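For the numbers below, each heavy atom of this structure counts, side chains included, while hydrogens, waters and symmetry mates do not. Fair warning: this is a prediction, and the values are worked out from it, not measured in the lab.
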Amino acid sequence: MPYAPADAHVSFTLHPDHHPGVLATTSGPTSDAARSHLHDLGFRSTGPDTMVLARIDREEPYYADRAANELARYGFTVDIAPALQEEINTGWTWADYPMPWCTPEEIRQVSADAQRIHDDIATGRLTIHLHAHNGHTTVAVGTYASGVRRHVHLHGEGHLRQVTTTFETEAEAVADFHSHHTGAVRPGPAPLTELEQRVRQALRSTTVPATPEAPAPPTPVAAGPGEHEQFLDQFLDSKPEWSKHRTWSDETTIAMHESLSIRAEFDHEARHRTDIAWTIAGYDGPVGELLWRATLTADTPIPLLQAITGHLDHPVPAPGTDRTCHYTKPDGARSATLPAPRGKPPTAASRSNTTRPHKTTAGPSSEATTQTAPPGQSVCRQAHPTTSWPS
């Protein structure tokens, strides 16, 4: 019977929370087959597409490399993250190893046996009845769920734990344990070591592969003393459409846009971070009503101040108004586009390019009078108390 195609991708990376644990992520139509192989190699499932390899002997990179080679031999697509590959290529050994005569291969075999005992206890296949501390390390007596001579004495902890003696019966194993350790005997298994706790936590977690996060944008720094004054000078120098005005007091400078509809007032005496240093306002024309107003404190970051003032160069007229005056020629007829009264849209006549006199109220003689602009002047600049808008 032919094997199913190995159409799956497996990525190996270092565990983000448990070093040097390994995280395997699977994808593809036959990812279930890849996960089955990974389980046989010591990986445990923590999610639909993720598996974790966490060991008490800290040999995760070594066994992850073996798993990657085996999956590649089966035809699966495999990739190893650079950080994990660096761990695989780095040789290491335990400091103060109690059996210095062992070769690296023998040390790895001892650790593999200890890992198997740890897994048997964690899964319930090996039940620990008693434990004790013999003055050097932890010892215990337990029973396997099945097997011949399944009652055992254990010596050591972590990656050094070994089976030292086997017995025919549980009673014989417990009695012998009591005879050797007497008053130091305690019921049940010994407390987990710190490494064992981290391993079990990693196997229970639902960790996803770590993805590089985009760097957070830098937080604007609050403006320091004198920075707002420098900004004001640079702003006026670089913006010819803005003019500088001083009030009767040297404490205040006003920057005025050429449209006369945007004004910015700067208080030179603002020092505390909560003091109002800038007051910016927009008006409905040179002598119109206030449309909006904004204030900025003395510690407002300069980039924020630049962003705000950058939007003030093109004031938007209020809806329904048009203040542009049109001239045909200096000595000829003139036309003006006049602002429409509030609440009344401009008529076609007000938009006409032909000269049209203003309609005025009746004078003392009860006769209607008309008025046109004198040469060289614009109708829209005149102001007459009795002028009314065309109907």
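In terms of heavy-atom proximity, D57 sits nearest to S111 at CB-CB, 3.4 Å. The shortest heavy-atom contact between T300 and L305 is CG2-N, 4.5 Å. Between L290 and A281 the shortest heavy-atom distance is CD1-CB, 3.7 Å. The nearest pair of heavy atoms linking Q197 to L192 is NE2-O, 3.4 Å.
Side chains of V10 and L38 form a contact here, defined as non-hydrogen atoms less than 4.5 Å apart. Annotation: side chain of H155 is in contact with side chain of N134 (closest heavy-atom distance under 4.5 Å). Put simply, the side chain of E196 reaches to within 4.5 Å of the side chain of H118, judged on heavy atoms. For the pair R293/I280, no side-chain contact is recorded, criterion being any heavy-atom separation below 4.5 Å from C-beta on. Counting only heavy atoms from C-beta outward, the side chains of P61 and L84 approach each other to under 4.5 Å. Counting heavy atoms from C-beta outward, L203 and T46 have side chains that stay 4.5 Å or more apart.
The closest side-chain donor-acceptor pair between H151 and T143 falls under 3.5 angstrom. Side chains of S31 and S27: a donor-acceptor N/O pair is absent below 3.5 angstrom, by distance only. T26 and D49 are not linked by any side-chain donor-acceptor pair at a separation below 3.5 angstrom, with hydrogens and angles left out of the test. Between the side chains of T279 and E265, no donor-acceptor pair is found at a separation under 3.5 Å.
Of the possible polar contacts, none joining the D176 side chain to the E172 backbone as a donor-acceptor pair under 3.5 Å is found. Side-chain N or O atoms of S45 include none that pairs as donor or acceptor with a backbone N or O of M51 at under 3.5 Å.
For H153 and F167, the ring centers are positioned less than 6.0 Å apart.
Only one option out of E229, K244, H245, H268 pairs with T253 in a side chain to side chain donor-acceptor pair (under 3.5 Å); it is H268.
Within a 6.0 Å radius of CZ in R66, other residues, nucleotides and ligands contribute 12 heavy atoms or fewer.
For the salt bridge (Lys or Arg N to Asp or Glu O under 4.0 Å) condition, the pairs that include at least one residue of residues 97-113, sequence neighbours left out, are E59-R108, D113-R116.
A tilted orientation is assigned to the rings of W278 and H228, their planes being inclined by 30° to 60°.
The cationic group of R55 lies under 6.0 Å from the six-membered ring centre of Y63 and within 45° of the ring axis, placing it in a cation-pi geometry.
Residues satisfying the ring-ring contact (aromatic ring centres under 6.0 Å, His included) criterion with Y74, sequence neighbours excluded, are H37.
Using a 4.0 Å cut-off between charged nitrogen and carboxylate oxygen, E194 and R198 count as a salt-bridge pair.
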